[in-house]
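All remarks here apply to the structure that follows.
FYI, side chains are in, hydrogens and waters are out, and symmetry mates aren't considered; it's all heavy atoms of this structure.
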Amino acid sequence: MNTDNIKCYTYNTVVIGSGAAGFNAALQLKRLGNDSVALVTEGVKMGTSRNTGSDKQTYYKMNLCGDFSDSPSEMAKDLFAGKAVDGDVAYAEAALSSQCFLQLAYLGVPFPTNRYGEYVGYKTDHDNRARATSAGPLTSKLMTEQLESAVLKAGVKIIDKCMAISVIKNGDTAVGLLCLSLKDDYPFVLFRCKNIIFATGGPAGIYADTVYPFGHSGSSGIALEAGVTAKNLTEWQFGLASVNPRWNVSGTYMQVLPRFVSVDENGKEYDFLDEYYADSAELLSQTFKKGYEWPFDCRKLYGGSSVIDLLVYCERVLKNRRVYLDFMNNPCGLDELPFDKLKKEAFDYLKNADACFGTPIERLIQMNEPAYMLYKEKGVDLKCDRLEIALCAQHNNGGLDVDLWWRTNIEGIFAAGEVAGSHGVYRPGGSALNAGQVGSLRAAQYICEKRMGDPIPKKDFFAAAEPYVERHIKLRSAALGKTSTVEEITRIVTSQMTRAGGAIRELDAVNAALADSQSYIKEFDNRVKTTTVEGLRKVYRLRDLLYTQCAVLTAFKDYMNHGGKSRGSAIYCTRNGKAPDGFDNSFAFLLDSGEFDSEVQNIRYNGKEFTAEWRSVRPLPEGGGFFETVWKAYRENKNVF
């Protein structure tokens, strides 16, 4: 193979991704004695961890304050109760939650303490022990910044402007990585390595309506193409979010009771919530509940707050209207709201916040001025601007299947952060931030105990890499044309994914979307074009998202054919079900009754197509142990086995 125009690096371990999980993986590897580490990223300042947040972004860990009783065992039970969760992974996330949290605090993330030094907490969703804490709306950004600073101080090599496009395998083992160079020096970059840690975040690019930040699309597709098994790809979290900027409109944004309005292509406005709710007090009370019941939840569609999500979906996706939150005017055409007629929880909250007055923006500034300032700093002044929203994909609870050391089924490949499918159907709010820190630590521990040393010899590596390099040289050449199609094809397939594979799923639509994505992959070289070298990034992004779409849609199709019913943040439409009040029978569905609570759906690519199979969850371990026995094994191998 001619490597004159291809730069090649050699490391023991390459970490892909520059978010909180990626930086922590690199930091822990270095701290544990691995000096042959590089962090590879498409853009250091890109990614979800650095560029996202919420009204009060939550970190979930074992309780560390007051007289709340807690233990790794109790926390693991609560994580395991999320359904379709592997017990050993849940136990590891619980056992290491305090260590990982305290490391972040030590690095400088400003989690609040009381005057005695306790890290105070509050209850988040699916949490009964007040394990949640927060450093504000930008918790994950603060985490990423402090971890990056520690990585730089530790001397870890960061290779920026490098887009991973293919895992190089020698037989069934990963031996390296091929990247597209986003600089002018070389078209491609090779990495000869023994270990790869995917820390690339969730597959954000597959949907049109998404709250993942601009610039983050994920890289699940290249792992799936390499044969890594996926898990629970059916399980996503959807919720209302602004379109530009992309941000969750949870918490106070809903509790101040904004007006919802849609606008058609002719500029006509519709107060569509007024059209649905006959009682203004019910409309206002359900809007308030959306603040703390932010994720779309199929269990809350029969008279609950998720009806609002479904109404927004119908306006935007089915009626092709743009939907806005109006903070300048009260809903229901009212100059003054009937606060005393609200449900008790809403009235008490607003009364205690001294917010039973005025307009939504006046209430927002009274209750949470930083929430107003956040949008103003992003170019949207809620005092005079409407905020466009949609029902958006926010988090994939599934991902690449990992064991208790965050190893995948492919030797040499690990996954940490949202790209790893450690969650099930439901998860406590903030548990994703903990999972990313624990998973990256566990992968580093295993590598430093079991997988140190040099990668395969150069001669063998170049022999293994040659067909991958030749394939992508041809793809690169084919993609450069006189006209560009990549943007339009991306728009088509992501819009179709939002319609067919978002929170509302119907079998015929899923089958059609799957067939289209498969067709685009098959004809990729002939159909996907860009006119510039810089546009190749979009070409490879589209390629990655198409593989991911096929995996996800295969999961949806198999789940429905397997008899799966509606659960979590999605409904599976079926004519023999029941539609929510006020909706036609096309929205009829049946609620899940727990048939698959203890099963995991796996998806794997065999080189031609994605296939599905099911397995039982790994049980929740007992934990603990006799100290002398544990200590002896720890001295021998750090209990890594």
Side-chain angles (χ1 to χ4, degrees), residues 17 42 46-48 52 163-165 198 200-225 228 230-239 241 243 246 296 313 316-317 390-400 415 417-421 423 486-506 509-521 524 528 537-559 568-570 601 603 605 609-610 612:
E42 187 178 341
M46 296 167 61
T48 296
T52 193
M163 182 181 188
I165 59 174
F198 274 82
T200 52
I206 69 173
Y207 290 102
D209 287 347
T210 171
V211 71
Y212 291 91
F214 290 104
H216 175 78
S217 59
S219 294
S220 302
I222 66 170
L224 295 166
E225 186 186 10
V228 175
K231 164 189 176 184
N232 291 341
L233 291 181
T234 52
E235 307 309 320
W236 288 75
Q237 186 166 286
F238 297 87
V243 173
R246 294 178 175 179
F296 176 75
Y313 173 88
R316 180 174 172 87
V317 177
L391 180 59
C392 294
Q394 189 261 352
H395 192 275
N396 187 199
N397 282 3
L400 305 182
E418 190 183 339
V419 72
H423 310 293
V486 62
E487 294 90 352
E488 178 63 13
I489 293 174
T490 300
R491 186 194 65 78
I492 290 171
V493 297
T494 56
S495 296
Q496 182 165 352
M497 190 72 189
T498 287
R499 290 193 303 272
I504 318 301
R505 301 167 190 169
E506 190 272 326
V510 166
N511 283 332
L514 176 58
D516 283 351
S517 293
Q518 290 170 331
S519 175
Y520 277 115
I521 288 176
F524 193 90
V528 180
R537 177 192 293 203
K538 295 180 181 179
V539 170
Y540 274 101
R541 186 170 290 163
L542 174 58
R543 187 175 186 274
D544 190 273
L545 78 83
L546 284 170
Y547 274 95
T548 308
Q549 280 187 343
C550 285
V552 172
L553 290 164
T554 298
F556 295 168
K557 176 181 178 179
D558 175 72
Y559 180 77
S569 205
Q601 182 203 56
I603 301 294
Y605 186 63
E609 62 180 355
F610 286 95

Self-check item: Heavy-atom closest contact (L400 atom, A415 atom, distance)
Solution: CD1-CB, 4.0 Å
Quiz item: Step by step, would you call V317 with L391 a side chain to side chain contact (heavy atoms under 4.5 Å, CB included)?
Solution: CA-CA 9 Å; V317 177; L391 180 59; over 6 Å; no
Quiz item: Is the closest side-chain donor-acceptor distance between Y212 and E418 under 3.5 Å?
Solution: yes
Quiz item: Donor-acceptor pair, N397 side chain versus G421 backbone, under 3.5 Å?
Solution: no
Quiz prompt | Interatomic spacing from CE in M497 to CG in L514 - rounded to 0.5 Å | solution = 9.5 Å
Quiz item: Quick check: does any side chain N or O of T494 sit under 3.5 Å from a backbone N or O of R491, one acting as donor and the other as acceptor?
Solution: yes
Quiz item: Should F524 and V539 count as side-chain neighbours, where that means a heavy-atom distance under 4.5 Å?
Solution: yes
Practice problem: Measure from the side-chain N and O atoms of E235 to the backbone N and O of G568, and report whether any donor-acceptor pair falls under 3.5 Å. | Solution: no
Self-check item: E225 side chain reached by R543 side chain, heavy atoms, under 4.5 Å
Solution: yes
Quiz item: So, do L553 and Q496 sit near enough that their side-chain heavy atoms are less than 4.5 Å apart?
Solution: no
Quiz prompt | Steps toward side chain to side chain contact (heavy atoms under 4.5 Å, CB included) verdict (Y520, I492) | solution = CA-CA 11 Å; Y520 277 115; I492 290 171; 4.2 Å; yes
Quiz item: What's the shortest heavy-atom distance between L545 and G205, and which atoms?
Solution: CD2-O, 3.6 Å
Quiz item: Going from OG1 on T490 to CZ on R541, what distance comes out if it is rounded to the nearest 0.5 angstrom?
Solution: 9.0 Å
Quiz item: Looking only at heavy atoms, which two atoms of L233 and F556 are closest? And how far apart?
Solution: O-CE2, 3.7 Å
Quiz item: Roughly how far, to the nearest 0.5 Å, is CH2 of W236 from CD1 of I206?
Solution: 4.0 Å
Quiz item: How far does CG of N232 sit from CD1 of I603, to the nearest 0.5 angstrom?
Solution: 10.0 Å
Practice problem: Could you grab the distance from atom OG1 of T52 to atom CD of Q394, nearest 0.5 Å is fine? | Solution: 7.0 Å
Self-check item: Exercise: identify the closest heavy-atom pair between L224 and F610
Solution: CB-CE2, 4.0 Å
Quiz item: Can you say whether the rings of F238 and Y207 are parallel (under 30°), tilted (30 to 60°) or perpendicular (over 60°)?
Solution: perpendicular
Practice problem: Mark yes or no for whether H216, through its side chain, and G202, through its backbone, hold a donor-acceptor pair below 3.5 Å. | Solution: yes
Practice problem: Looking only at non-hydrogen atoms, find the nearest pair between I521 and C550 and report the distance. | Solution: CD1-SG, 3.7 Å
Self-check item: Those residues that, when tested against T554, pass side-chain hydrogen bond (donor to acceptor under 3.5 Å, both in side chains) (two or more places apart)
Solution: none
Exercise. Could you tell me the separation between the CG atom of D516 and the CD1 atom of I489, rounded to the nearest 0.5 Å?
Key: 11.5 Å
Self-check item: Over all atoms of both residues, closest heavy-atom pair of V419 and T200
Solution: CG2-OG1, 3.6 Å
Quiz item: Would you say T548's side chain and S220's backbone share a donor-acceptor pair under 3.5 angstrom?
Solution: no
